[in-house]
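Letters A, B, ... are given to chains in the order of the sequence lines, protein chains preceding strands, and every chain is numbered from 1.
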Amino acid sequence: MNEFFDSLVLWLQTAWANLSDQFYVNFIKANRWTFLWEGFCVTLKITVLAAIFGIIIGIIVGMVTFTHKKTGKLKFLNVLFQIYLTVVRGTPVLVQLLIIYFVVFASVDVDKVLVAVIAFSINSGAYVAEIVRGGIQSVKEGQFEAGRSLGFSYIKTMWYIIIPQAVRNIIPMLLNEFITLLKETSICGYIALNDLTRGAYIIQSRTFSPFMPLIAIALIYLVMVLLLTLLVKYIERRLTKNAR
Amino acid sequence: MQDNNLLIVKNLKKYYKKGEIKALDGISVTINKGEVVCVIGPSGSGKSTFLRSLNLLEVPTSGEIIFEGVNIADKKVNLDLHRRKIGMVFQQFNLFPHMTIMKNLTLAPMKLLKESKEDAEAYALKLLDKVGLADRADAYPSELSGGQQQRVAIVRALCMKPDVMLFDEPTSALDPEMVGEVLDVMRSLAKDGMTMVVVTHEMGFAKEVASRVLFIDEGVVLEDGTPAEIFDAPKHPRLQQFLEKILV
């Protein structure tokens with residue numbers, strides 16, 4: 001029995017020494033942790049900016065496609081946006097990123113972060129547009145009629161009556177979209193942009209040990225997603241509490 | 001044109017599917033100030049479509065709707081300005097669920113008529129008191145019963161100080177015990193001289209309150225007369241049939 005314990009203790013000691021050694025080599029030595037930190041900042045920057053522009057694009061596109069469906073107006077814009085939605089939602093985001101970097105900006109020297117923000121904004125905007133349109137559509141027709149019958153114009157009815165109700169349906173779905181967006185930015189390495197995932201990849205290529213850096217970034221993504229999920233739950237609770 | 005004519009409907013037609021379905025097939029009616037016109041007819045007869053055409057919630061295929069001297073069916077007319085003067089009450093109440101009762105009542109007067117908050121609230125409260133709901137001003141619509149919601153909906157329309165009120169089956173979605181309270185409000189409104197057009201299945205109300213009854217079937221007005229003429233001496237066979245069925 002003693003022998004078993006001795007060997008277990010020895011194994012644990014070596015394992016610990018091994019791990020702390022790995023930790024030292026992968027993160028402490030030559031300040032390698034900065035790859036992760038800088039990558040984290042880049043990932044965050046791309047996600048936040050793409051989320052903001054995605055919302056702007058999404059609201060415009062969603063409102064136009066909805067308005068066309070409801071009133072038959074804005075025909076030209078609607079056709080344009082339908083093409084946009086079909087193409088963006090029908091192709092992989094990685095392919096879109098590659099096209100924007102290697103084709104659209106082929107002959108221009110452009111900041112890669114900007115390229116990523118553009119690609120992910122365009123991509124996210126399409127999904128946000130569908131969320132916005134669905135959210136507005138879920139407001140009952142009678143609400144429109146009540147607004148219009150009082151003398152509110154189409155735009156004022158939307159602004160005072162429909163959108164405040166649609167927002168309740170939209171916000172939780174929107175946050176879920178941004179969780180997806182955050183995770184999708186991990187493909188930025190394909191255009192040699194040093195995001196969080198590529199930070200781990202760089203460390204791995206120097207230390208030849210994939211375990212530590214990959215587990216580390218997995219944890220970082222996980223914590224970010226969990227925080228966002230908590231936010232979704234909190235907001236959902238707030239919204240249902242006030243929903244009458 | 002006489003001064004008395006508030007609403008003149010001329011040859012109103014509403015076709016669906018390129019004329020296959022004729023919801024309204026040439027309706028011409030003149031409604032005078034102070035009249036309470038009840039519109040009756042079988043379901044699917046076009047009576048709701050007729051009412052909803054009066055404020056252009058349904059866009060007619062052809063015809064004229066002359067409200068206070070202006071053909072509001074004309075696309076060049078700024079419809080929103082005229083709709084302010086035409087109050088509407090829906091079967092499903094359609095109160096704004098995200099606003100308190102008071103905000104429901106004051107939104108349009110404040111945003112459209114540019115009334116001050118104080119004026120709008122004072123007027124709303126006065127009307128709310130008339131329908132017995134002054135104490136519910138800070139409640140949300142979902143906290144009220146159907147009958148209370150419909151009374152609020154009537155007040156919401158009245159807050160715009162309309163010249164005519166349209167009612168689209170205002171008691172059809174209510175539990176039976178709540179029908180009375182809504183009809184009471186409408187009755188006192190009629191007594192105050194409001195011009196009203198009411199699509200209803202409440203024949204008792206039509207008999208008692210209406211100054212005129214229209215019987216619509218298959219998109220045309222088959223009979224137009226006083227309640228006594230319509231209910232006691234119906235001429236058209238379809239009206240006779242209809243009344244037999246419902247007045248058992």
Ignoring hydrogens and angles, state whether a donor on the side chain of A:Gln96 or A:Thr91 is under 3.5 Å from an acceptor on the partner side chain.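 A pair is found: one side chain offers a donor N or O, the other an acceptor, under 3.5 Å apart.
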Could I get the full list of ring-ring contact (aromatic ring centres under 6.0 Å, His included) partners for A:Tyr160, not counting sequence neighbours?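 Checked A:Tyr160 against ring-ring contact (aromatic ring centres under 6.0 Å, His included); matches are A:Phe152.
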Structural part of [X] lying under 4.5 Å from a heavy atom of chain A:
{"X": "B:Leu95", "result": "backbone"}
{"X": "B:Phe90", "result": "side chain"}
{"X": "B:Leu107", "result": "both"}
{"X": "B:Arg156", "result": "both"}

Given the ring of B:Tyr123, does B:Lys161 sit roughly above its face, with NZ or CZ under 6.0 Å from the centre of the six-membered ring and within 45° of the axis? yes
Checking heavy atoms, do the side chain of A:Lys156, its backbone, both or neither come under 4.5 Å from chain B?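 Contact with chain B is through the side chain of A:Lys156 alone.
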Does any part of the side chain of B:Phe205, heavy atoms only, come nearer than 4.5 Å to the side chain of B:Cys38, both counted from C-beta?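 SC-SC contact between B:Cys38 and B:Phe205 confirmed.
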Counting heavy-atom pairs under 4.5 Å to chain A, which of B:Leu166, B:Leu112, B:Asn55, B:Leu79 comes out on top? B:Leu112
Most contact-rich option vs chain A, by heavy-atom pairs under 4.5 angstrom, among B:Met160, B:Met88, B:Lys111, is B:Lys111
Parallel under 30°, tilted from 30 to 60°, perpendicular over 60°: which one fits the rings of A:Phe81 and A:Tyr84?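 Rings of A:Phe81 and A:Tyr84: perpendicular, over 60°.
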Taking side chain to side chain donor-acceptor pair (under 3.5 Å) as the definition, give me every residue that meets it alongside B:Arg212, ordered by chain and number, with sequence neighbours left out.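 Once residues adjacent in sequence are excluded, the partners of B:Arg212 under the side chain to side chain donor-acceptor pair (under 3.5 Å) criterion are B:Glu35, B:Asp224.
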